[in-house]
> 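Starting off with a structure, shown below.
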There are 2 protein chains.
Amino acid sequence: MKEGPDIALLGALIGDPARANMLTSLMSGKALTASELAAEAGITPATASVHLKKLLAAALLRQRKQGRHRYFALADDEVGSLLETLMGLAAKRGMLRTRTGPKDPALRKARVCYNHLAGDLGVSLYEGLITTGHLREDDDEVTLTVAGQASMEQFGIDVGALQSGRRALCKSCLDWSSRRTHLAGALGTALLGRFYDLGWAKRQEGSRVITFSGSGEKKLLEQFAA
Amino acid sequence: MKEGPDIALLGALIGDPARANMLTSLMSGKALTASELAAEAGITPATASVHLKKLLAAALLRQRKQGRHRYFALADDEVGSLLETLMGLAAKRGMLRTRTGPKDPALRKARVCYNHLAGDLGVSLYEGLITTGHLREDDDEVTLTVAGQASMEQFGIDVGALQSGRRALCKSCLDWSSRRTHLAGALGTALLGRFYDLGWAKRQEGSRVITFSGSGEKKLLEQFAA
DNA sequence: TTAATGCTTCGTCTATGGTCAAACTATGAA
DNA sequence: TTCATAGTTTGACCATAGACGAAGCATTAA
């Protein structure tokens, strides 16, 4: 038996349905209160409190006190990517949650995946960037080409600043609704932010759905998926 | 509650210590038998069997039957990367396993697998026989060529007698230490027997380790892996 | 102060699921 | 054939941990 990191601890943490629901809800990047998370998981506040305590202890979540509320959010991007990886694999294996709820086609079209664009539009964006030569895919590695960098700068994204950070510039992320890949990483986040700034899209309150205006969607496809 | 992939299922699967140990052991890419995995996890074969069944059902592992053994390996690279992500995060969070155990490098070099030679030397032998045209591989079928038969006769092996038996003359066998194939079947057994007879190697008492003399190893490689 | 809300802690209950021994099946060797 | 080894299945046992209600803090508003 070798020594090494204990993945069982992490797995068990994610392996409880209530906690998994909480984590999934937090993948939008938005911070939620303890009560909201309890409702999201379908448990009483008392039980939720126990779960949140464990998630905090493992540093999967961070907490911010604000008045009588406690807001919880994913601890960092790494936790987000781990959850994304898990969802991708679960989707491929056909492991779907059975609990029914409002079926949401909007969620399938465009939503935040942690903090970048996912859904059909996210996939279109990604594939458009590939075919137009802005991105290159080699063996699961995704890189921004010179032409792509120029195009991004022109679109109002400071690629140099993004590259200087610790975070990977480009990363592919498996989309669970369409089972195809979309763009994650610092660039993915920056692009989504720019879409907000330009008024092309905005996030629906308390949901992971992103609503694009008619013209916004059109411009997005023209610009990147032509 | 939204619909989506069920990451709790995956998490719970990885969250059990015994299963986590098995998965971690398989991260080298090597295939291991059910018994070996049981030992790795520190549980009885019965319990291991239950766990392996679950991991197979979730398509986290794939299985290859080989004689009395069942070799298990990670299903694909995606499972591997998920585990790596988990280990990375666990390491960063300071979640470390403490259990330690011995690992035998001699076992890795040369050992008996049933009655034939396995380990690095076994793999070298097999690959040498292929490249020198003594063996031919077609779609998991392994056959001795005419040139190979002559060479074996010259080496002191009565191929005709082996062929008359019920047992298959040549068979490939997956090597767990290098995850490559080596030679099994009647010919594999006969070759190992000849190595013993010639004094090139002998079997260590009460162990699966085979010790080759310096000259024996050299002659083996000269003869078959030149 | 009092009341209301948000959340946590405590005590208890319960069920899920991991564990093993023993019996059984399957494959190979003698 | 008979024996040995590898692995699975079954059934019983039991520990873990997730669930809730009630009570206890903490913060805000009046």
> Do you know which of L162(B), T143(B), L135(B) makes side chain to side chain contact (heavy atoms under 4.5 Å, CB included) with C170(B)?
L135(B)

> How long is the line joining CD of Q63(A) and C1' of dT8(C), in whole Å?
11 Å

> Could you list, one pair per line, each protein nitrogen or oxygen that sits under 3.5 Å from a nitrogen or oxygen of nucleotides 14-19 of chain C, together with the distance?
{"residue": "dG18(C)", "atom": "OP1", "partner": "R19(B)", "partner atom": "NH2", "Å": "3.1"}
{"residue": "dG18(C)", "atom": "OP2", "partner": "K54(B)", "partner atom": "NZ", "Å": "2.6"}
{"residue": "dT19(C)", "atom": "OP2", "partner": "H51(B)", "partner atom": "NE2", "Å": "2.5"}

> Over how many whole Å does the gap from I14(A) atom CD1 to dG18(D) atom P extend?
14 Å

> Is the closest side-chain donor-acceptor distance between Q154(B) and S151(B) under 3.5 Å?
no

> From NZ of K53(A) over to C1' of dG18(D), roughly how many Å is that when rounded to an integer?
15 Å

> Which nucleotide, dA6(D), dT8(D), dG6(C), lies nearest any side-chain atom of H69(A)?
dG6(C)

> Nearest-Å distance, CG (L52(A)) to P (dG18(D))?
13 Å

> When the distance from OH of Y71(B) to P of dT27(C) is rounded to whole Å, what number comes out?
16 Å

> The side chain of R68(B) is closest to which nucleotide in this list: dA6(D), dT8(C), dG6(C)?
dA6(D)

> Listed by chain and number, what are the side chain to side chain donor-acceptor pair (under 3.5 Å) partners of T145(B), not counting sequence neighbours?
none

> Roughly how many Å is it from CG in L32(A) to C1' in dG6(C), rounded to a whole number?
15 Å

> Counting only side-chain nitrogens and oxygens, does K65(B) get under 4.0 Å of the OP1 or OP2 atom of dA26(C)?
no

> Check for a donor-acceptor pair, side chain of D76(A) on one end and backbone N or O of V79(A) on the other, with a separation under 3.5 Å.
yes

> Can you check whether N21(B)'s main-chain N or O pairs, donor with acceptor, with S25(B)'s side chain at less than 3.5 Å?
yes

> Remember a base hit wins even if backbone is also touched, and classify A46(A) as base, sugar-phosphate or nothing at under 4.0 Å, heavy atoms.
base

> Round to the nearest Å and state the distance from N21(A) atom CG to dG18(D) atom P.
14 Å

> Ring centroids only, cut at 6.0 angstrom: are W200(B) and F224(B) within range, meaning strictly under it?
no

> May I have the step-by-step check of side-chain hydrogen bond (donor to acceptor under 3.5 Å, both in side chains) for E36(B) and T33(B), ending in yes or no?
CA-CA 5 Å; E36(B) 286 169 333; T33(B) 66; 3.2 Å; yes

